[in-house]
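Below: the structure, in structure tokens.
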Amino acid sequence: PKSIINKKYGSKAQYITTDV
Amino acid sequence: NFQCCLKIDEISATSDVFIRKKDAEQHAAKLALEKLGIQPVDDATASKQEGKNSRDLTEEEKWQALKDRLCTTFSEKFLLSNCPLVAHFTAAVQRKGVNYGKVPAAVLSAYDNKIVSLCKSINKNSGKDLALSLQLVLRAAKSCSLLDSPSDSLWIGKKEPFSEETKEELIKKFTGKENDAMEIESCSFQAVYIPCSSEKSVESLTMRIGPQEHFMDVMAYHLGAGDSSHILMSRTLKKAPLESRLY
């Protein structure tokens with residue numbers, strides 16, 4: 001799924017990953 | 001444990017909690033796709049849809065597929081449809097001189113996954129050898145009638161120049177501005193400078209990028225390279241923050 005998002009939206013997609 | 005929130009325009013998706021950061025990101029992407037109503041296609045179905053898998057192609061067909069893909073990356077339709085390489089093409093249409101409209105070949109050989117995979121199908125060692133994948137891309141570009149890559153040059157452009165409309169659209173898309181003034185503010189980012197000589201020490205470096213500069217040009221200056229086409233970039237580094245690469 002991530003590669004599809006990246007291909008379709010590029011830098012518009014912002015991943016904010018937090019250590020929980 | 002990691003949790004990822006993925007934001008795309010007005011949509012956001014938050015993943016479950018995972019031990020691996022990668023799994024959290026994949027889950028957030030999956031949820032975002034569901035929200036966007038996009039059905040992911042698995043590799044087998046994608047291959048069927050695209051016709052032959054690149055492994056089934058003849059040598060000649062693989063080279064042709066690579067040339068076709070290179071031409072596609074320069075097509076105006078591709079560039080204006082949320083293409084991840086848009087920043088490089090925006091820099092290309094603002095570049096002055098003989099390299100106007102051209103992008104460093106290494107940008108295409110490293111950043112475009114389709115090109116990466118076609119290069120691997122031609123020579124499997126290209127996955128690990130950045131110079132080899134660059135060489136394959138340059139060879140394909142130099143033999144393609146629609147592309148322009150002068151001999152001894154590490155730049156690739158297209159023979160027919162970009163239209164003024166495309167140039168304006170690219171700038172607008174990248175900056176969000178209506179005019180071509182590139183009035184975005186300066187920005188800076190942190191890098192780690194690793195000298196090739198073990199006698200020199202590793203240093204932390206802050207790179208400032210002016211409103212009219214492109215990060216690859218600034219990096220070329222810091223690396224002492226002639227221009228940005230002389231930079232090779234690695235694949236993304238595993239277990240490092242997203243999109244970290246060695247340049």
Side-chain angles (χ1 to χ4, degrees), chain A, chain B residues 1-43 46 78-90 111-114 116-117 173-174 176 236 241-243:
Chain A
K2 213 178 137 185
S3 61
I4 300 169
I5 294 281
N6 291 348
K7 196 173 170 185
K8 229 173 158 43
Y9 298 97
S11 58
K12 277 191 176 180
Q14 285 187 297
Y15 293 86
I16 303 151
T17 311
T18 44
D19 203 341
V20 292
Chain B
N1 291 334
F2 292 98
Q3 188 170 37
C4 175
C5 175
L6 171 57
K7 290 182 179 174
I8 307 167
D9 297 330
E10 71 280 6
I11 285 178
S12 78
T14 304
S15 73
D16 292 344
V17 175
F18 291 86
I19 294 169
R20 295 195 313 169
K21 189 178 171 186
K22 203 173 152 186
D23 293 336
E25 289 174 351
Q26 283 291 5
H27 189 236
K30 183 173 174 264
L31 296 176
L33 285 174
E34 283 168 10
K35 279 192 177 181
L36 291 160
I38 299 168
Q39 185 70 42
V41 182
D42 62 45
D43 287 349
F78 179 79
L79 289 175
L80 299 178
S81 61
N82 292 322
C83 156
L85 301 175
V86 69
H88 298 279
F89 282 88
T90 308
Y111 290 150
D112 187 276
N113 289 336
K114 183 92 184 168
V116 170
S117 108
K173 215 170 179 43
F174 187 62
T236 51
L242 189 70
E243 297 299 326

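Every chain is numbered from 1, with letters handed out A, B, ... down the list of sequences.
Sorted by first and then second residue, the salt bridge (Lys or Arg N to Asp or Glu O under 4.0 Å) pairs involving residues 8-20 of chain A (not counting sequence neighbours) form an empty list.
Rounded to the nearest 0.5 angstrom, A:I4 CD1 and B:L33 CG are separated by 5.5 Å. Of the inter-residue distances, the one linking B:I11 atom CD1 with A:Y9 atom OH reads 6.5 Å to the nearest 0.5 angstrom.
For B:D23, the side chain to side chain donor-acceptor pair (under 3.5 Å) criterion is met by B:R20, not counting sequence neighbours.
Heavy atoms closer than 4.5 Å to chain B are found nowhere in A:S11, neither backbone nor side chain.
Screening B:K21, B:E25, B:Q3 against A:T17 for a side chain to side chain donor-acceptor pair (under 3.5 Å) leaves a single residue, B:E25.
Looking at every heavy atom in both residues, A:P1 comes nearest to B:K30 through CB-N, 3.7 Å.
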